There are 4 protein chains.
Amino acid sequence: MRSDATERQFTFIERARRAQILACATAALAERGYAGATLADIARRAGVSKGVVSYHFAGKDDLLDQLVADFYGRAGTSIAARVEAADTAADRVRGYLEANLAFVAEHADGVRAVLEIVANRRDADGALHFRPTGSDPLVDHLAGLLAELPGVGPKATHARNLAIVVRAAIDAAAGRLLTEPTFDPAAYTRDLVRLIETARLTETAGNSHDQHA
Amino acid sequence: MRSDATERQFTFIERARRAQILACATAALAERGYAGATLADIARRAGVSKGVVSYHFAGKDDLLDQLVADFYGRAGTSIAARVEAADTAADRVRGYLEANLAFVAEHADGVRAVLEIVANRRDADGALHFRPTGSDPLVDHLAGLLAELPGVGPKATHARNLAIVVRAAIDAAAGRLLTEPTFDPAAYTRDLVRLIETARLTETAGNSHDQHA
Amino acid sequence: MRSDATERQFTFIERARRAQILACATAALAERGYAGATLADIARRAGVSKGVVSYHFAGKDDLLDQLVADFYGRAGTSIAARVEAADTAADRVRGYLEANLAFVAEHADGVRAVLEIVANRRDADGALHFRPTGSDPLVDHLAGLLAELPGVGPKATHARNLAIVVRAAIDAAAGRLLTEPTFDPAAYTRDLVRLIETARLTETAGNSHDQHA
Amino acid sequence: MRSDATERQFTFIERARRAQILACATAALAERGYAGATLADIARRAGVSKGVVSYHFAGKDDLLDQLVADFYGRAGTSIAARVEAADTAADRVRGYLEANLAFVAEHADGVRAVLEIVANRRDADGALHFRPTGSDPLVDHLAGLLAELPGVGPKATHARNLAIVVRAAIDAAAGRLLTEPTFDPAAYTRDLVRLIETARLTETAGNSHDQHA
DNA sequence: CATGAATGAGGTTTCATTCAT
DNA sequence: CATGAATGAAACCTCATTCAT
């Protein structure tokens, strides 16, 4: 019953154990997948008994939720710092992409673990717990950045569709990093940045077929 | 013990039962997720007993594998017909995208089910069964089509990175379709087609920043 | 998932298994108490695996609820037959008591088991599942019979208090039967019947002290 | 390891802590029942850590045993004072009942807690720890008082059976008090006293039906 | 072909107890 | 004296699989 809604102050030892357990859970999820990441496996990786996990977290669901919250918190902080430091729209987009892909490259297991949880964790009624909603904050935020690019324009639909593509491209990079030894994240980032910067989605930019003529 | 390696000839009734069970398994996976799609649930949806499923398939794993193979087979046939009917490189790419997204739009449950299986099914050793490999045939095929576009060029890396982005964009569309009521697949397809056709990834095409000047 | 709200038709084999499991659960509860009557113990007594119990009942709670319902159903049938066969108020009360105590004497384990469940089974919020309410049907029914006795009278309070005493006396007999080798249920029944038949609770019947004078 | 067989002298602080813990255990048992009264719950109510409970009592069983002994000691003292102050047999019986029911009414939680323990606590072999024996001291004592009443007579069986009924009636009052808002303990006591005082259990008293004539 | 019945491994959770600080 | 942390047994439940009918 540790994780009260009211933010509790944890002792140093407690924080260390919780961090260790979250790290082992991340490794278990990345390696064994959602169903394979059992409490027994997590405890074994941490070198403790199963009861320890139940002692420090209200239950497995609580553990998974905190893992997700912890990951998103750290990712958001890291990326926001980079975006806010840029001056132009193009730099913000490039900074967003580079920071995102750098974070993904450095926390590949975390990405994998969070994807496993988000894709599989369900409530008692069978519905996805992290339900994809119409107002996806990640996509909305990115769409705002992209709308400032001249080739995209302020039309909400274009920016939003492009944001969906880019978010998917970022998530795909995580998967490639983990499974494809020859995958070059730096080159991928460059290509993705260029793809976006050269994009001409606005209707007034002329028919795309004509450009080839 | 029906699904031998040697292609067996199935009776009409047998084929009908297998198709019915696969359809119910697809619905169960799409609705309840990987862990929630139990044999009991699948059998209940089909209106038969659990034993029937075990009789027609060697086991749950066999059922899932056949579901995936069946889906890929039908998707490949549908898309190949469209690509082969095109004359120019640009038309082939556009045909590929439109056929793909159309198939996704018409078989949303199938896409969801296959994604659940591919993302979760594991072998006894814990490794993913449908392991993403360096030689992803879907990506390779698409990269071949994209390499013919003037803005991409024959350099393998560019085409491959773009192919990864496009495949991710297609898969993302599947997810949006299922959860976002306002998602417009036709507009998304148009934007994605234009994004690719206007792409300028080749270094010699000039610096992308300059193009804006 | 057998015990649907809609009355399902059970096969002969199924009914036999359910009856056997309920009997073994009754024995386990009577012998080991509420906490000691585990599924493992019940299954061991029935000579089957733990899974069998879960197969035939939705869960332990379902099993316990059905045990209680089954017992009350059989007790009610047995006692009602005797009460309805009587012509006078005194005969109805005597029949009620004798039938009750006879049933208790013949189903001592069942009584003990039901008492264990009623006293201990709780809902998720910690409240007793079989919550004693102001309108206890057993007490109310008995109070109705007692109100017809001349020494009790129609005043609701007297009849109800006496009914509480008599119900407690019946339940106590169950406990004695199980633990006191020298307890004579027939003599107890005679004494209890006489106690009630000689009762003078009405105020107008004269002061009880005066009767001794 | 404090509660040695040899009576140890406790410090003031120690006695206060023990009393506090026993009070909280009583509340926990009354509210949550036997299984729900965990050491964690008791410690939480007392505002101390679980270790404190283990420190002051040899274990949970020791705590429960001392709770029962403490309650019976206080109840016995309170009731004996009232019985010994009476001069006639009828007054002793009435004093016993009134003192008993008054104690029950004033210590409802304690009664509930003791009933929970007595009904559920078991030894390692599964047998009830507070085993109802043939020589129940409470019943024997009450039977001695009742035997002096003219309507009961010296025959041991009558007195004993009536004592069983009266003990059950007293225990039932405890339950009603806790769950039935409209239950009137004073009226119940009056009715129970009159029921006993008007009892005619001796065979020679004539047929009970004739008395109505 | 189809079913109901049974199995048993494996999962999460609870909790009394112990121990170093 | 008191605490937080850890343990490990035991409980209930789920579910893929097997088998006799």
Side-chain angles (χ1 to χ4, degrees), chain A residues 1-2 10-14 16-18 35-43 46-63, chain B residues 1-2 11 13-14 17 35-43 46-63, chain C residues 1-2 10-14 16-18 35-43 46-63, chain D residues 1-2 11 13-14 17 35-43 46-63:
Chain A
M1 306 301 172
R2 278 293 173 273
F10 296 112
T11 70
F12 173 77
I13 288 182
E14 176 125 6
R17 257 280 182 265
R18 291 169 64 89
T38 67
L39 288 190
D41 186 27
I42 294 168
V48 297
S49 78
K50 272 187 303 181
V52 176
V53 181
S54 293
Y55 177 78
H56 287 281
F57 296 89
K60 194 184 189 184
D61 288 348
D62 180 42
L63 189 161
Chain B
M1 308 304 170
R2 277 294 173 269
T11 70
I13 288 182
E14 186 139 358
R17 263 272 186 268
T38 67
L39 285 191
D41 186 28
I42 295 168
V48 298
S49 78
K50 277 185 300 179
V52 176
V53 181
S54 295
Y55 179 80
H56 286 281
F57 297 90
K60 194 185 188 185
D61 288 348
D62 181 41
L63 188 160
Chain C
M1 304 304 171
R2 280 292 174 272
F10 296 111
T11 70
F12 173 77
I13 289 181
E14 176 127 6
R17 260 277 184 267
R18 292 168 63 90
T38 68
L39 287 191
D41 186 29
I42 295 169
V48 298
S49 79
K50 272 186 304 179
V52 176
V53 181
S54 294
Y55 177 79
H56 287 281
F57 296 89
K60 195 185 188 183
D61 287 349
D62 181 41
L63 189 161
Chain D
M1 311 301 170
R2 276 296 174 268
T11 70
I13 288 182
E14 188 140 357
R17 262 272 186 270
T38 68
L39 284 191
D41 186 28
I42 295 168
V48 298
S49 78
K50 275 186 301 178
V52 176
V53 180
S54 294
Y55 179 80
H56 286 283
F57 297 89
K60 194 185 187 184
D61 288 347
D62 181 41
L63 189 160

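On a predicted model such as this, the values are computed, not experimentally measured, just so you know.
Here the P atom of nucleotide E:dG4 and the CZ atom of C:Arg18 are 15 Å apart, to the nearest Å. As rounded to whole Å, 15 Å separates atom C1' of F:dC15 from atom CG of B:Leu63. For the pair B:Phe57 CZ and E:dA2 P, the computed distance is 12 Å after rounding to whole Å. Taking atom CD of A:Glu14 as the reference point, atom P of F:dA5 lies 4 Å away to the nearest angstrom. Atoms CZ (C:Phe12) and P (E:dT3) sit 23 Å apart, rounded to a whole Å.
Going from the C1' atom of F:dT21 to that of E:dC1 covers 13 Å, rounded to whole Å.
The two residues D:Asp41 and D:Gly36 come nearest to each other via the heavy atoms OD2-O, 3.9 Å. Residue B:Val53 comes nearest to B:Ala43 through the heavy atom pair CG2-CB, 4.2 Å, listed as atom of the first residue, atom of the second, then distance. Closest approach of D:Lys60 to D:Thr38, counting heavy atoms only: NZ-CA, 4.2 Å. Of all non-hydrogen atoms in A:Ser54 and A:Leu39, the two that sit nearest each other are OG-CD1, 4.4 Å.
Consecutive pairing runs in DNA chain F reach the stem threshold at E:2-21 with F:2-21, where a stem means at least three Watson-Crick or G-U wobble pairs with distances under 3.5 Å.
In this structure, C:Gly59 and B:Lys60 both approach DNA chain F, and ranking their closest nucleotides by distance from the 5' end singles out C:Gly59. Both C:Thr38 and B:Leu39 lie close to DNA chain F; mapped to their nearest nucleotides by heavy-atom distance, the more 5′-ward contact belongs to C:Thr38. Each of A:Ala40 and D:Gly36 has a nearest nucleotide on DNA chain E; the 5'-most of these lies closest to A:Ala40.
Side chain of B:Ser54, nearest nucleotide from F:dT17, E:dT12, F:dC12: F:dT17.
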Polar atom pairs (N or O), protein with nucleotides 6-9 of chain F, under 3.5 Å:
| from | atom 1 | to | atom 2 | distance (Å) |
| --- | --- | --- | --- | --- |
| F:dA6 | OP1 | A:Arg17 | NE | 2.7 |
| F:dA6 | OP1 | A:Arg17 | NH2 | 3.2 |
| F:dA6 | OP2 | A:His56 | NE2 | 2.5 |
| F:dT7 | OP2 | A:Ser49 | N | 3.0 |
| F:dT7 | OP2 | A:Ser49 | OG | 3.1 |

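Rounded to the nearest 0.5 angstrom, D:Phe57 CZ and D:Arg17 CZ are separated by 11.0 Å.
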